[in-house]
Number of protein chains: 2
Amino acid sequence: MGITSRKEREKEEMRRLILDAALRLFREKGFDGVSIRNIAEAIEYSPATIYLYYKDKSEIYFALQFEAAALKRDHLLPAAAFEDPWQRLIEFGRRYIDFGMKHPDLYDLLFIIRSPMESIENQDCWKLGIATHAFFVETVQACVDARHFKSTDTETIAYTLWCHAHGLVSLFIRERMRMYPEEKRAELAKRSFDMIVKMAESL
Amino acid sequence: MGITSRKEREKEEMRRLILDAALRLFREKGFDGVSIRNIAEAIEYSPATIYLYYKDKSEIYFALQFEAAALKRDHLLPAAAFEDPWQRLIEFGRRYIDFGMKHPDLYDLLFIIRSPMESIENQDCWKLGIATHAFFVETVQACVDARHFKSTDTETIAYTLWCHAHGLVSLFIRERMRMYPEEKRAELAKRSFDMIVKMAESL
DNA sequence: TTAAACACTAAACACTGTTCATTAACTTTG
DNA sequence: CAAAGTTAATGAACAGTGTTTAGTGTTTAA
């Protein structure tokens with residue numbers, strides 16, 4: 001088993017090497033700004049070598065999306081510590097928005113960039129995303145169970161809150177808030193979050 | 001004035017020819033999927049000719065964005081007919097979402113695609129967008145004036161509603177609703193719109 | 001030791017946005 | 001009307017992109 005397992009290990013190491021370089025470059029220059037040649041140069045291999053480890057650029061895209069999903073999960077995880085479902089939900093929302101604002105590149109990758117057509121459902125990144133989404137929906141369900149809302153339509157409540165948070169983050173990071181002066185944007189976002197929390201309370 | 005005015009007219013016609021082809025191609029294949037060469041081929045000119053009428057691709061982008069903004073304004077305009085500000089606001093929101101769902105390519109252009117860096121503020125498309133946004137904010141203000149909300153923070157109310165609508169549309173058109181079965185998505189969006197309306201009523 | 005498997009790469013292909021020298025047509029002037 | 005000047009259009013090139021392929025040298029297995 002010595003040789004084959006070593007080879008497998010080496011293959012895995014190479015994939016990591018490529019991915020780490022890709023993620024670093026991507027966070028510096030954005031997804032579209034990074035070429036296979038850039039990545040190859042960064043790891044001091046020829047561009048063709050990349051294709052021995054990843055079928056094409058979109059496979060790298062999916063692998064990066066998985067990385068981003070893991071980082072996002074880690075960012076949101078502390079919210080789970082809150083006992084009270086309503087507090088948990090608020091903290092979840094706050095952290096979701098905070099993640100998007102602090103890591104626009106990763107948020108972009110996860111929720112904005114047009115993903116390659118192939119069945120994303122089968123990709124690991126998607127499963128991880130589903131899991132995080134499920135945690136969110138469960139938290140909303142816990143609030144519903146605790147009679148925190150008048151409405152009991154968990155699905156719609158969760159989706160509505162998500163729409164707001166996603167809209168807030170994506171308008172921000174795709175620079176569609178230019179009608180508000182730069183220094184006011186973050187504060188407006190904060191006020192809006194407080195408002196949606198208030199709105200949800202009387203839901 | 002004969003010749004120079006004719007030349008100007010011809011120049012304008014050529015710009016229109018380019019833009020119409022660009023918009024048509026763009027709606028077929030998406031912005032990134034359309035190259036200068038595609039446009040040139042469509043109008044049966046050489047690629048270099050395009051550059052005699054538009055400085056670069058981003059200038060075509062801005063021109064297309066203006067077209068999209070005009071189409072969006074026309075789509076939203078009927079909402080202005082409603083006398084009651086609250087009904088006007090609801091209709092505005094409904095039409096905003098409807099526009100995004102019916103014309104994902106145009107919505108993309110207006111609110112999602114990463115716009116070229118140059119000062120978009122000076123572009124006509126931006127002014128048109130500002131005007132439509134102003135109409136929206138005015139409608140919210142009219143609701144506030146009519147004591148329709150407890151809150152009087154017009155800016156935050158408008159922004160919060162916009163966040164929800166934008167989030168709803170952009171999650172949909174960038175295919176981030178795969179956890180919901182295809183046939184349920186539109187209905188979920190509808191329920192969410194109704195819910196945000198209800199939430200706003202008790203705002 | 002020889003044959004097969006493997007990791008790797010240089011070079012090519014068909015694209016992309018963009019620039020520039022050159023050509024061809026039109027407009028103005030002598 | 002012909003010569004000079006202006007302008008529209010282009011072919012060819014540059015530097016970049018993702019991707020494929022034929023070929024190299026090394027490592028493993030028989």
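Each chain gets a letter, A, B and so on, in the order the sequences are listed, and its residues count up from 1. Because only heavy atoms are used, hydrogens play no part in the values below, and waters and symmetry mates are left out as well, while side chains stay in.
Put simply, CD on A:Glu13 is 12 Å from P on C:dC8, counting in whole angstrom units. In this entry the distance linking OH of B:Tyr51 with P of D:dA13 reads 18 Å, nearest Å. Atom C1' of nucleotide C:dA7 and atom CG of A:Leu17 are separated by 14 Å, given to the nearest angstrom. Atom-to-atom, CD1 of A:Ile36 to P of C:dC8 comes out at 16 Å; the value is rounded to the nearest Å. Across the protein-nucleic acid pair, A:Ile43 atom CD1 and C:dA7 atom P stand 14 Å apart, rounded to whole Å. At whole-Å resolution of the value, CD in A:Glu10 and P in D:dT27 are 11 Å apart. Atom CD1 in B:Ile60 sits roughly 8 Å away from atom P in C:dT18 (whole-Å rounding). Separating the CZ atom of B:Arg37 from the C1' atom of C:dT19 is a distance of 12 Å, rounded to the nearest angstrom.
Between D:dT19, C:dT18, D:dG11, one nucleotide has an atom nearer to the side chain of B:Ser46 than all others, and that is D:dG11. Among D:dG18, D:dT10, C:dG17, the nucleotide with an atom closest to any side-chain atom of A:Lys57 is D:dG18. Minimum atom distance to the side chain of B:Pro47 is reached by C:dT18, of the listed D:dT17, D:dT10, C:dT18. The listed nucleotides are D:dT17, C:dA10, C:dT18; the one nearest the side chain of B:Asp56 is C:dT18.
A donor-acceptor distance shorter than 3.5 angstrom exists from the side chain of A:Asp56 to the backbone of A:Glu59, with no hydrogens or angles considered.
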Under-3.5 Å N/O pairs linking protein and nucleotides 5-8 of chain D:
none

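Stacking of A:Lys72 on the aromatic ring of A:Tyr107 is not recorded, the 6.0 Å distance cut-off and the 45° axial limit not both being met. Remark: B:Arg15 qualifies as a cation-pi partner of B:Tyr54 under the 6.0 Å distance and 45° angle criteria applied to the six-membered ring.
Take A:Phe135 and apply the ring-ring contact (aromatic ring centres under 6.0 Å, His included) test, not counting sequence neighbours, and it matches A:Phe92. In terms of the side-chain contact (heavy atoms from CB on, under 4.5 Å) criterion, residue partners of A:Glu67 (sequence neighbours excluded) are, by chain and number, A:Arg16, A:Leu19, A:Leu23.
Counting non-hydrogen atoms under 4.0 angstrom, B:Asp32 reaches nothing in the nucleic acid.
Between A:Asp194 and the choices A:Lys198, A:Arg191, A:Lys190, the salt bridge (charged side-chain N to carboxylate O under 4.0 Å, His left out) rule is met once, by A:Lys190.
Close to C:dT9, at under 4.0 Å from its OP1 or OP2, lies a side-chain N or O of A:Thr49. Distances shown here put every side-chain N or O of B:Asn38 at or beyond 4.0 Å from the OP1 or OP2 atom of C:dC15. At D:dT17, one or more side-chain N or O atoms of A:Ser35 fall inside 4.0 Å of OP1 or OP2 (strictly under the cut-off).
Electrostatic pairing of B:Asp108 and B:Arg174 counts as a salt bridge here, judged by a charged N lying under 4.0 Å from a carboxylate O.
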